[in-house]
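Scroll down for the structure; my scribbles are underneath it.
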Amino acid sequence: MKRLRQLDGLRFIMFCVILLSHFEFLWNYPYGAFYRRFLYNSTMGVDYFFLLSGFGIYYSSRDQVKMRTGGISFAIRKIRKVYPLYVVSLLLSYPYAVMLMRTYRTDWLYPIVTNLILLLLALTLLQELSGMMVLSHAINGVGWFLSTLFLSYMLCPWFRRITERHSGSRRKTVGLWGGVILLILLITVITERLDGTVVMPGLVLDDLSYGSPYVRCWYLLLGMTVAELYFELTADEKVWYRHMAAAAVLIAVLWFFIRGSLSMLPFVLRRAVDLILVSFLLLSVSLDQGRISSVLSGNRLQRLGKDSMYFYLLHFPVRNYVDFLFTEKGIYFGGITGIIEAAVITAASLLVSLLVKKCFDQRNIYKRGF
C-alpha cells in the first residue's frame, strides 16, 4: 500500500497547532486576549492525531484477512517503537515536576517520592484510566495522549471488524461514520457531566470528557470509517472529489480562528463541527492530487511530519523549563517578551527533538523499540 505522504506533512502542521496552544504565558501580555480568542485552540490538532491513527491502522491492514494478534498484543506492538522516546520524555520532565511540587512544600522528600510514584504509574501507560488530570497529566503533561492511544489500540481489532462489516457500500459506510459521531457526542455529554465528581479529598474526575480513552477510543473507529470511504471513493471513476482539499483546508483554517469566539454555542455543537470538519479534512487531503497534496508532500514537511512524535513528546518539558527560566530569572523585554519566549521554546523543542532522534538513529532504538 502506497504511503499517503500528504498526511505526514499535515501531521506536522497539526503538531504546530498543538504547540501554539501551550503558550499560555501569553495570556499575561497585552495581546493575551487576542491569543486566547483566536489562537488558543488545540482541539483540531488533537482530533486529527486520533483520527489519523485509526485511518492509518485500517489503511495498512485492509488487505489482510484479519489482524494477526489480539487487542493487548496489538497495542503493545503498536506502542513499542515510540515507548523509548516516551521514557526519555518522562525522565526529562521529572526534575521539573519535583521543582514545581517543591514550591508548595517545605521539604524535598515528599515531592521526590510522590513524583517517583507518578512516574512509575506513567510508565505503565495506564494513567488515563483514572479520568483524573492529577494522574493522567502527571510528569509530562502531554503523556496522556500516548496512554489514551495505547488503551484505545486494544480495541482496534474489534473496530476493524465493525468497519469491514459496513464496507462495500458507501451508504453503509457513511451511516457508520455518522453513527460513530453521534456516539462520541453522546459519550462526551455523559462524561462532561461526570467531570467534577469528587472521588475522595484531593481526587476529582476532571479528564473524562476530553482526554480519556472512554471517549477517544471511538475517534480511532471514526478514522477507520474515513479510511474505508477513501478506498470506496478511489475506486470510483469520478475524480471531482480529488480536488476538494483546498476547500477543506480553507474551512479548517477559518474554524480554527473563530472557534474560540463561539463559546456561546453549546459545547456538543462545537464538538460536532470539530468531528465533521476533521473527518472532511482527513478524507479530502488523502484523496487530493492537486496543489495541496504537492505542498504537504514536500520533502521538508515529510521529514518534519515523520518526526512529529519526537516534537510532541519533548516539546512540553522544554516548554516548562524555558518558562521556568524566564519566570525565575525575571527575563523581560517589554511586551515582546512573550513572543521571544514562544520563539525560544519552538527553537529549543526542535533542537532537543533532533538531538534525541539523532541519538536514537545511531543506536537504532526507534526501529527496535523496547
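Atoms considered below: every heavy atom in the structure, side chains included; atoms not considered: hydrogens, waters and symmetry mates. This one's a predicted model, so the numbers in the text were calculated from it and none came from an experiment.
Under a hydrophobic clustering in which Ile, Leu, Val, Met, Phe, Trp and Tyr are joined whenever their side-chain heavy atoms come within less than 4.5 Å, directly or via other members, W144 and L19 fall into the same cluster.
With rounding to the nearest 0.5 Å, the separation of CG in L275 from CG in L222 is 6.5 Å. Atom OG of S279 is separated from atom CD1 of I181 by 5.0 Å, given to the nearest 0.5 angstrom. The OH atom of Y96 sits 4.5 Å away from the CG atom of N320 when rounded to the nearest 0.5 Å. To the nearest 0.5 Å, the span separating CG on L52 from CZ on F55 amounts to 8.0 Å. Here CZ of F12 is found 4.5 Å from CG of L304. Values are rounded to the nearest 0.5 Å. Atom CG of residue L146 and atom CD1 of residue I79 lie 4.0 Å apart, to the nearest 0.5 angstrom.
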Assess the residue pair Q6 and S286 against the criterion (side-chain hydrogen bond (donor to acceptor under 3.5 Å, both in side chains)); give the C-alpha distance rounded to whole Å, side-chain angles, the decisive distance to 0.1 Å, and a yes or no. CA-CA 7 Å; Q6 61 269 36; S286 65; over 6 Å; no
Derivation and outcome, side chain to side chain contact (heavy atoms under 4.5 Å, CB included), residues R11 and L7: CA-CA 6 Å; R11 177 160 47 186; L7 298 184; over 6 Å; no
Between T43 and D274, does a side-chain hydrogen bond (donor to acceptor under 3.5 Å, both in side chains) hold up when you go through it step by step? CA-CA 8 Å; T43 303; D274 293 332; 4.9 Å; no
Show your reasoning for whether salt bridge (charged side-chain N to carboxylate O under 4.0 Å, His left out) applies to E232 and K172. CA-CA 11 Å; E232 292 175 8; K172 289 171 63 177; over 6 Å; no
Quick one, L208 with V215, criterion side chain to side chain contact (heavy atoms under 4.5 Å, CB included). Give me CA distance, side-chain angles, the key distance, then yes/no. CA-CA 7 Å; L208 286 176; V215 177; over 6 Å; no
Report the C-alpha separation of L39 and F257 in whole Å, then their side-chain angles, then the decisive distance to 0.1 Å, and conclude whether the side chain to side chain contact (heavy atoms under 4.5 Å, CB included) test is met. CA-CA 6 Å; L39 302 178; F257 284 114; 3.6 Å; yes
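Ring pair F231/Y59: centre-to-centre distance below 6.0 Å. Ring pair F15/H315: centre-to-centre distance below 6.0 Å. With ring centers used as reference points, F50 lies 6.0 Å or more from Y48.
Aromatic ring orientation, F38 versus F34: tilted (interplanar angle from 30° to 60°). The aromatic rings of W158 and W218 lie perpendicular to each other, with more than 60° between the two planes, well past the 30° mark.
The backbone N or O of L121 sits less than 3.5 Å from a side-chain atom of T124, completing a donor-acceptor pair.
More than 12 heavy atoms of other residues, nucleotides or ligands sit less than 6.0 Å from atom CG of L262.
Looking at S297 and Q302, their side chains never bring a donor and an acceptor atom within 3.5 Å of each other. In this model, a donor atom of one side chain and an acceptor atom of the other lie less than 3.5 Å apart for S136 and D207.
For the pair R216 and F49, the cation-pi test (distance below 6.0 Å, angle within 45°) is failed.
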